Participant: 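Dumping the structure here so I can ask a few things about it.
Given the structure is predicted, the values throughout are model-derived calculations rather than measurements.
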Amino acid sequence: MTEEKEGKFYKFLLWRQKYIKERTFVLIISFFVGIGSAIAAIVLKNTIHFIQHLLTSNLQEGANYWLLIYPVIGILLAGLFVKYVVRDDISHGVTKILFAISQRKSRIKPHNMWSSLVASSVTIGFGGSVGAEAPIVLTGAAIGSNLGRVFRLEQKTLMLLVGCGAAGAIAGIFKAPIAGLVFVIEVLMLDLTMTSVLPLLISSVTAATMSYIFTGSEAMFKFSQTEVFHIDRIPYVLLLGIFCGLVSLYFTRAMIKVEGVYRKLKHYWQKFLVGAFILSVLIFIFPPLYGEGYDTIGSLLAGEFLHLMDQSPLNTTNGNYWSIIIFLGLILLTKVFASSATNSGGGCGGIFAPSLYLGCIAGFIFAHILNYFDLSAPLSEKNFALMGMAGVMAGVMHAPLTGVFLIAELTGGYDLFLPLMIVSISSYATIISFEPHSIYSMRLAQKGELMTHHKDQAVLTLLKMENIIETDFVKVSPKMSLGDVVKKAIAQSSRNVFPVVEDDGKLIGIILVDNIRNIMFRPELYERFHVSRFMVSPPAKIVNNMPMEKIMKIFDDTKAWNLPVIDEEGHYLGFVSKSKIFNAYREVLVDTFSGD
């Protein structure tokens with residue numbers, strides 16, 4: 001931007017501050033964030049469909065060896081693009097947003113406004129077994145963050161605009177404005193207040209409207225409820241919810257463990273070769289794993305499932321009853337390996353679509369097996385497939401309301417609202433007893449960097465060690481005499497605690513003035529006593545990367561007022577005090593939640 005343009009823009013900012021109230025301007029910005037998010041969602045969706053149609057329109061029935069090649073090309077191109085063009089990690093989009101919010105910066109890099117679009121469209125278009133939703137959510141959040149930064153908006157407003165971008169992305173790609181709003185509240189864990197609800201709604205509604213204008217008014221999945229849901233099916237719905245919760249638990253834990261295995265591979269090409277091999281073989285054997293899997297969902301919701309085995313080399317039984325169940329069951333087990341191979345091998349995508357995909361298959365299998373036993377009234381397999389989508393999504397994301405509203409808006413299946421709520425709640429209740437955090441927030445929670453709706457925990461999360469550590473304590477050596485301690489340390493310091501540090505910088509103890517008060521005024525003992533003799537161990541040591549919540553628990557357990565801080569190798573860094581934490585806590589509380 002030239003100096004002349006910068007000057008004009010600066011004048012505009014001054015004019016805006018003078019004539020447009022902050023709250024009104026945020027509403028205007030949220031409108032444009034919704035438009036930007038919707039355009040990004042439409043471009044991504046259409047690009048994926050164009051690539052898929054170009055590659056798969058001429059595939060024949062039976063084994064297709066092109067399915068061994070396409071996914072490999074996709075993750076190779078996406079991986080090289082990220083490695084040599086973007087030069088930044090763009091995976092785990094929703095986790096990145098959570099981290100940006102938890103750091104109280106809400107700053108997402110500008111390249112995220114386009115880099116995820118390019119990488120994910122190539123990945124998924126060529127058959128990568130992941131979803132486009134996490135990349136588009138990161139794109140929308142980046143649009144909100146960077147647009148807010150352009151207009152020099154404060155951090156709290158940036159956080160809100162990040163949520164607006166995410167809500168607009170979900171609403172735009174699914175035509176689901178309510179689900180977009182609820183997603184931000186449940187998954188991104190932004191508090192819903194009168195200040196925040198209107199911008200979020202504006203972004204969601206704007207994005208959904210844009211999507212309706214450019215892609216038509218039809219729901220994403222064509223679903224017509226031809227079989228009425230009866231109240232006596234509720235016990236089966238509860239059982240389905242428990243089953244979906246267990247499927248969610250399997251998917252979450254397997255995904256984390258498999259990704260951990262890939263992380264142990266140090267070189268990019270090792271990850272690519274392993275991921276490419278696993279992905280191509282799985283898609284060749286199970287063609288429904290190709291891409292997002294929305295075609296498979298549409299087939300199951302329409303009751304057209306016999307053709308799902310047409311292109312598989314396993315199709316030797318002409319689609320009899322149990323062969324379909326076994327085939328779908330194997331897909332249920334292997335989807336997690338295909339998704340993790342896609343991302344870890346160099347591709348870019350999320351687990352939003354895989355959770356819907358697995359839920360649909362889980363619900364269908366559940367009803368299909370029970371119907372085999374000739375129940376007095378058979379279960380509607382497509383209704384249960386629909387409910388399964390809500391159940392697994394609620395379990396994987398720990399977001400029961402998002403699951404309910406998204407599935408209702410995706411399919412127009414509002415007549416199933418009650419069973420959707422039952423299956424989502426029971427699935428969430430099942431997984432929460434095993435995993436307290438969603439697949440998105442698990443990594444941040446383990447590091448103590450997760451923002452939650454609990455304000456005490458949220459404020460502790462926002463406190464950073466570099467802001468509360470005190471480094472003005474005088475260090476002493478274990479070889480120093482009592483006289484040197486009195487003259488060179490105590491006499492020159494207002495502190496009553498002194499860290500004892502080895503020559504290599506490692507903390508080995510502390511000196512408390514109260515403990516040596518009876519000898520510090522006796523000069524005849526100055527050369528007889530050395531620090532190593534009267535130093536003591538601290539009640540506890542704080543490691544600099546400890547979560548703040550754990551640090552507070554250590555203070556409560558030890559009843560200490562000051563505790564030393566060390567790094568992971570034991571080197572002394574400083575002290576942290578209760579009073580410093582309390583002062584910082586009050587400042588963050590006022591700064592972060594004063595608008596609530």
Participant: If you compare all heavy atoms of L181 against all heavy atoms of S204, which two are closest, and at what distance to 0.1 Å?
Facilitator: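 Taking L181 first and S204 second, the nearest heavy atoms are N-OG, 3.7 Å.
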Participant: Would you check, one step at a time, whether the test side-chain contact (heavy atoms from CB on, under 4.5 Å) holds for F25 with L153?
Facilitator: CA-CA 10 Å; F25 189 67; L153 299 178; 4.1 Å; yes
Participant: What distance separates L68 CG from L279 CG, expressed to the nearest 0.5 Å?
Facilitator: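 Between atom CG of L68 and atom CG of L279 there are 10.0 Å.
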Participant: Can you say whether the rings of W114 and H111 are parallel (under 30°), tilted (30 to 60°) or perpendicular (over 60°)?
Facilitator: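 Perpendicular: the ring planes of W114 and H111 meet at over 60°.
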Participant: Spell out, as yes or no, whether a donor-acceptor pair under 3.5 Å connects the side chain of T206 to the backbone of S203.
Facilitator: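 It does not hold such a pair.
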Participant: Check whether any side-chain heavy atom of R23 lies under 4.5 Å from a side-chain heavy atom of L198, and answer yes or no.
Facilitator: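 Result no, sub-4.5 Å side-chain heavy-atom pair not found.
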Participant: In sequence, state the C-alpha distance, the side-chain angles, and the governing distance for L67 and S280, and then conclude on side-chain contact (heavy atoms from CB on, under 4.5 Å).
Facilitator: CA-CA 7 Å; L67 296 181; S280 62; over 6 Å; no
Participant: Check A207 against A171 and note the closest heavy-atom contact, atom names and distance.
Facilitator: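 Where A207 meets A171 most closely, the heavy atoms are CB-CB, 4.2 Å.
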Participant: What's the verdict on salt bridge (Lys or Arg N to Asp or Glu O under 4.0 Å) for E435 and R253, showing C-alpha distance, side-chain angles and the deciding distance?
Facilitator: CA-CA 9 Å; E435 288 290 353; R253 289 190 172 176; 2.8 Å; yes
Participant: Evaluate the side-chain proximity of I439 to M397: yes if any heavy-atom separation is below 4.5 Å, no if none is.
Facilitator: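 Heavy-atom side-chain distance check fails, nothing below 4.5 Å.
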Participant: Are the side chains of T342 and P71 in contact, using a 4.5 Å heavy-atom criterion?
Facilitator: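 No, their side chains stay 4.5 Å or more apart.
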Participant: Is it true that a side-chain atom of S30 and a backbone atom of L27 form a donor plus acceptor pair closer than 3.5 Å?
Facilitator: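 Checking the backbone N and O of L27 against the side chain of S30, a donor-acceptor pair under 3.5 Å is found.
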Participant: Using atom types as modelled and distance alone, determine if a side-chain donor or acceptor of Q52 lies under 3.5 Å from a backbone N or O of G291.
Facilitator: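 No: the side chain of Q52 does not pair with the backbone of G291.
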Participant: Taking it one step at a time, do Y357 and E292 satisfy side-chain contact (heavy atoms from CB on, under 4.5 Å)?
Facilitator: CA-CA 8 Å; Y357 179 85; E292 295 171 293; over 6 Å; no
Participant: Is it the case that over 12 heavy atoms from other parts of the model lie below 6.0 angstrom from the CZ atom of F32?
Facilitator: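 At most 12 heavy atoms, drawn from other residues, nucleotides or ligands, come within 6.0 Å of this atom.
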Participant: Considering all heavy atoms of both residues, which atom of A166 and which atom of V184 are nearest to each other, and what is their separation?
Facilitator: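 Reported closest heavy-atom pair: CB-CG2, 4.2 Å.
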Participant: Please check if the side chain of S129 supplies one atom and the backbone of L289 the other of a donor-acceptor pair under 3.5 Å.
Facilitator: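 Yes, S129 side chain to L289 backbone: donor-acceptor pair under 3.5 Å.
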Participant: Looking only at the side chains, is there a donor atom on one of E186 and T402 sitting less than 3.5 Å from an acceptor on the other?
Facilitator: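 T402 and E186 do have a side-chain donor-acceptor pair below 3.5 Å.
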Participant: For the pair E568 (side chain) and V543 (backbone), establish whether a donor and an acceptor sit closer than 3.5 Å, ignoring hydrogens and angles.
Facilitator: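 Answer holds: no.
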Participant: Check whether any side-chain N or O of S145 sits under 3.5 Å from a backbone N or O of I108 as a donor-acceptor pair, and report yes or no.
Facilitator: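 It does hold such a pair.
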Participant: Do L54 and I51 touch side chain to side chain, with heavy atoms closer than 4.5 Å?
Facilitator: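 A side-chain contact under 4.5 Å is absent here.
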Participant: Do T215 and K175 have side-chain N/O donor and acceptor atoms under 3.5 Å apart?
Facilitator: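 Looking only at side-chain atoms, K175 and T215 do form a donor-acceptor pair, the distance falling under 3.5 Å.
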Participant: Starting at CG of N544, measure out to CD1 of I551 and round the result to the nearest 0.5 Å.
Facilitator: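 Reported to 0.5 Å precision, the distance equals 9.0 Å.
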Participant: Do the side chain of K45 and the main chain of I173 share a donor and acceptor less than 3.5 angstrom apart?
Facilitator: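 Between the backbone of I173 and the side chain of K45 there is a qualifying donor-acceptor contact (under 3.5 Å).
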Participant: May I ask you to decide if G165's main-chain N or O and S37's side chain share a donor-acceptor pair within less than 3.5 Å?
Facilitator: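 Yes; judged by distance alone, with no hydrogens or angles, the pair exists.
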Participant: Kindly give the heavy-atom pair with the smallest separation between S340 and V258, and that separation in Å.
Facilitator: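 Answer, listing the atom of S340 first, then V258: OG-CG1, 3.1 Å.
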Participant: For the residue pair T47 and S121, what are the closest heavy atoms and their distance?
Facilitator: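 Smallest interatomic distance, heavy atoms only, reads CG2-CB, 3.7 Å.
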Participant: Check whether Y70 reaches the backbone of L55 with its side chain - one donor and one acceptor, N or O, closer than 3.5 Å.
Facilitator: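 Yes, the answer is positive, given that a donor and an acceptor are paired below the 3.5 Å cut-off.
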Participant: What's the shortest heavy-atom distance between P199 and V26, and which atoms?
Facilitator: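 Smallest heavy-atom distance, with atoms named: CG-CG1, 4.0 Å.
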Participant: With the side chain counted from C-beta on, respond yes when V576 and I469 share a heavy-atom pair under 4.5 Å apart, and no when they do not.
Facilitator: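 No; the side chains remain at least 4.5 Å from each other.
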Participant: Would you find a donor on one side and an acceptor on the other, under 3.5 Å apart, between the side chain of N343 and the backbone of G349?
Facilitator: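 At least one qualifying donor-acceptor pair exists.
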Participant: Do the side chains of I351 and F251 get nearer than 4.5 Å, heavy atoms only?
Facilitator: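 Side chain of F251 against side chain of I351, heavy atoms only: contact under 4.5 Å found.
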Participant: Side chains of V150 and N146, heavy atoms from C-beta outward: is any pair under 4.5 Å?
Facilitator: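 No; the side chains remain at least 4.5 Å from each other.
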Participant: Atom CG of residue position D567 - does it have more than 12 heavy atoms of other residues, nucleotides or ligands inside 6.0 Å?
Facilitator: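 Buried by this count: over 12 neighbours within 6.0 Å.
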Participant: Classify the angle between the aromatic ring planes of F272 and Y268 as parallel (below 30°), tilted (30 to 60°) or perpendicular (above 60°).
Facilitator: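 Judged by the thresholds at 30° and 60°, the geometry between F272 and Y268 is parallel.
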Participant: Could you walk me through whether M393 and F352 pass the side-chain contact (heavy atoms from CB on, under 4.5 Å) test, one step at a time?
Facilitator: CA-CA 8 Å; M393 171 167 281; F352 215 114; 2.9 Å; yes
Participant: Under 4.5 Å between any side-chain heavy atoms of I178 and L406, yes or no?
Facilitator: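 Answer no - side chains too far apart.
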Participant: Could you check F174 against F183 for ring-ring contact (aromatic ring centres under 6.0 Å, His included), going step by step and ending with a plain yes or no?
Facilitator: CA-CA 12 Å; F174 286 127; F183 172 83; 9.4 Å; no
Participant: Using 0.5 Å steps for rounding, measure from the CG atom of L410 to the CZ atom of F405.
Facilitator: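 Result: 13.5 Å between the selected atoms.
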